[in-house]
Number of protein chains: 2
Amino acid sequence: MVTISDVAKLANVSTATVSRVLSNSGNVKKETTEKVLEAIQKLNYQPNILARQLRKLETKTILVVVPDITNTFFSKILRGIEHVAIENDYEVLLGDTGNNVERERVYLDILRQKKADGMILLTARLESHLLEEIASEFPVVLACEYLEGSTIPTVSIDNVSSARKATEYLINLGHRRIGFISGPLNVILSRDRLKGFRQAMAQHNIPIESFLVQEGDFSFESGYNMMMKFLALDQPPTAVFAANDEMAIGAIKAIKSKGLRVPDDISVVGFDDIQFASIYEPALTTISQPMFEIGKKAMELLIKLINKDQLL
Amino acid sequence: MVTISDVAKLANVSTATVSRVLSNSGNVKKETTEKVLEAIQKLNYQPNILARQLRKLETKTILVVVPDITNTFFSKILRGIEHVAIENDYEVLLGDTGNNVERERVYLDILRQKKADGMILLTARLESHLLEEIASEFPVVLACEYLEGSTIPTVSIDNVSSARKATEYLINLGHRRIGFISGPLNVILSRDRLKGFRQAMAQHNIPIESFLVQEGDFSFESGYNMMMKFLALDQPPTAVFAANDEMAIGAIKAIKSKGLRVPDDISVVGFDDIQFASIYEPALTTISQPMFEIGKKAMELLIKLINKDQLL
DNA sequence: GAGATTATTGTAATCGATTACATTTAGAAT
DNA sequence: ATTCTAAATGTAATCGATTACAATAATCTC
């Protein structure tokens with residue numbers, strides 16, 4: 001392996017000078033710079049990043065923890081994160097938990113071990129004190145999911161008001177028996193969407209029958225199954241609001257399987273606006289989330305945090 | 001920051017001993033071990049991975065370069081890679097090129113700078129000599145796409161024979177006018193699928209009219225557009241084979257838009273078997289690719305390469 | 001109990017860069 | 001020509017771990 005001292009030797013200068021050329025720090029004579037660059041070329045030298053990082057105590061890498069990388073919702077956010085990361089010479093270390101909370105825990109250690117300068121969590125299902133603790137020591141940003149009453153910087157849309165609007169859309173179409181297929185209620189974002197649904201219903205003085213609220217898990221299958229429950233009722237809902245698009249599409253599939261039509265017989269609204277929502281037939285009405293933007297904002301926030309840390 | 005010498009001081013031993021406890025290398029007295037572990041606990045010590053990596057000249061990180069992370073086809077492969085990576089204590093650095101060849105080039109440098117122990121490429125659109133060069137120096141595995149006549153280890157299905165089978169499926173249904181929507185032909189995998197299509201047609205002595213082969217770019221939109229071209233013909237094909245599922249679904253959408261039905265009026269076959277293929281209506285007939293398995297195999301291969309390197 | 005053997009621990013070099021500080025060189029000012 | 005200042009370069013410490021080698025302590029053998 002070619003090291004900085006090989007270059008120094010060939011160029012007949014000290015390693016310090018080579019390093020100065022490398023970092024463009026000025027204060028190197030033109031001719032010397034040329035000599036060094038020539039040697040670098042000749043040897044095809046690439047600086048060892050590990051050594052640099054150790055010396056500088058920074059990794060120029062950030063860790064992104066994703067609950068499910070095969071979900072386009074998250075991969076779109078990832079795109080936004082990457083966009084900003086590249087602009088700022090950061091690399092992205094990906095942690096996919098596969099919806100497994102235990103794996104989430106493991107990734108915290110990567111941060112503690114200084115393998116990354118900071119972390120963006122697209123999932124926050126761990127005990128909040130664990131997150132608070134690590135966020136007090138390292139730069140951490142939450143995106144999409146958040147913690148109640150936490151001070152960790154967070155990027156998220158207003159789920160309550162978005163859900164309220166989606167519900168109002170259905171109410172304004174004249175529906176009164178509206179079913180709600182919620183996400184898993186241990187996730188705050190699911191609770192917020194449920195809250196928005198309740199608010200809208202209350203505002204229009206529509207009582208909510210308890211069996212018209214069903215808890216899914218954001219999967220296509222759960223949407224299908226919960227809709228089947230609704231359809232088995234004496235009086236099925238005339239409209240359904242699902243807390244994400246996958247479940248909404250599952251619901252539509254269930255409705256069609258009973259020979260009913262969307263939206264003629266039952267209206268369906270989803271949440272997220274994944275690409276497939278528009279491709280599916282009938283095209284899904286949905287609440288759009290600016291995924292790319294959320295990712296960008298989260299990364300911008302994280303960089304700010306990281307830089308402030310360096311000043312301390 | 002707590003370092004190994006802080007621990008050593010507190011436990012009243014040398015850093016060497018602490019390191020031995022850390023690595024479980026044996027040869028440390030029980031009582032000493034306990035003293036050290038206690039000190040580690042008390043200080044909440046986490047070894048600095050950078051320092052360890054520099055000393056050992058390994059990163060326990062592999063780089064995966066993906067052409068499009070929002071495509072579930074690739075994220076499923078990623079899952080397989082991660083599965084094996086975790087089992088072997090590797091971390092995954094993600095490089096998403098957004099289908100941009102230039103970005104692919106940049107990631108090669110990450111490997112050169114020893115930021116990763118090896119690389120898996122899910123895309124291979126760079127000049128082959130560049131890839132050959134880096135593969136001769138570092139562990140590199142190709143997955144899905146490959147280079148003609150290259151010696152770089154590759155994991156891939158047999159695209160030619162799979163495409164042949166898909167075509168034969170349509171022929172056996174009685175179709176003779178079969179359209180083919182190909183992927184971008186600068187990618188070898190697309191050429192292979194086209195080759196398979198041609199082979200099957202030739203074997204059944206069906207001449208291929210040139211305008212029944214159209215080049216798309218693997219996107220939903222291109223499938224839609226190419227199908228529209230077919231439908232504008234005097235004699236549109238009675239069946240269409242699209243080189244991936246996104247394009248197949250685009251084609252179906254085009255067919256429906258003309259008031260025709262699938263498969264009653266026109267049959268459609270796709271390739272990949274993404275989740276959406278089964279959710280869409282009508283459910284898409286498709287050639288299944290074992291994505292998770294491909295990822296697993298690629299990672300296993302890479303680990304073997306890395307370990308052999310260490311022996312040299 | 002002396003000598004040999006093994007287990008345990010310590011000392012210091014090492015990985016490859018960066019950078020504080022020291023030194024040399026070049027150019028300006030007088 | 002001498003002194004002073006600024007520019008250019010070099011020397012060596014440093015980042016935090018691992019590990020070869022050395023040294024010491026413990027145990028065994030006869």
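Given the structure is predicted, the values throughout are model-derived calculations rather than measurements. In what follows, every chain begins at residue 1, and chains take the letters A, B, ... in the order their sequences are listed.
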Going by side chain to side chain contact (heavy atoms under 4.5 Å, CB included), B/Ile62 matches just one of B/Leu302, B/Val84, B/Asn88. Which one?
B/Leu302
Looking for any heavy atom pair under 4.0 Å, which part of the strands does B/Ser19 touch: base, sugar-phosphate only, or nothing?
base
Contact class for B/Val18 (heavy atom, under 4.0 Å): base, sugar-phosphate, or nothing?
nothing
Are A/Leu43 and A/Val7 packed together at the side-chain level, in the sense that at least one heavy-atom pair is separated by less than 4.5 angstrom?
yes
Quick one: are A/Thr61 and A/Lys115 in side-chain contact, heavy atoms under 4.5 Å?
no
Applying side-chain contact (heavy atoms from CB on, under 4.5 Å), name anything that partners B/Ile86, two or more places apart in sequence or on another chain.
A/Arg103, A/Tyr107
Return whichever of A/Pro47 or B/Asn12 has its heavy-atom-nearest nucleotide of DNA chain C closer to the 5' end.
B/Asn12
Toward the 5' end of DNA chain C, by each residue's nearest nucleotide, A/Lys56 or A/Met1:
A/Met1
Please give, in whole Å, the distance from [N] [atom2] to [X] [atom1]?
| X | N | atom1 | atom2 | answer |
| --- | --- | --- | --- | --- |
| B/Arg52 | D/dA17 | CZ | P | 8 Å |
| B/Asn27 | D/dT19 | CG | P | 14 Å |
| A/Lys115 | D/dA17 | NZ | C1' | 14 Å |
| B/Gln53 | D/dC15 | CD | P | 19 Å |
| B/Ile49 | D/dG16 | CD1 | P | 14 Å |

Inter- and intrachain pairs under side-chain hydrogen bond (donor to acceptor under 3.5 Å, both in side chains), touching residues 69-78 of chain B, at least two apart:
B/Asp68-B/Thr70
Angle separating the five-pair end axes of the helix from C/dG1-D/dC30 to C/dT30-D/dA1, nearest 10°, is 40°
Which atom pairs link the protein and nucleotides 11-14 of chain C when you take only N or O atoms and keep those under 3.5 Å?
unit_1 : atom_1 : unit_2  : atom_2 : d
C/dT14 : O2     : B/Arg55 : NH1    : 2.7

Looking only at heavy atoms, the pair that brings B/Ala143 and B/Ile294 closest together is CB-CG2, 4.2 Å
Expected list for residues 29-45 of chain B near DNA chain C, using heavy atoms below 4.0 Å, is B/Lys29, B/Thr32
Pairs meeting criterion salt bridge (charged side-chain N to carboxylate O under 4.0 Å, His left out) with involvement of residues 121-134 of chain A, two or more places apart
A/Arg105-A/Glu127, A/Arg125-A/Glu145
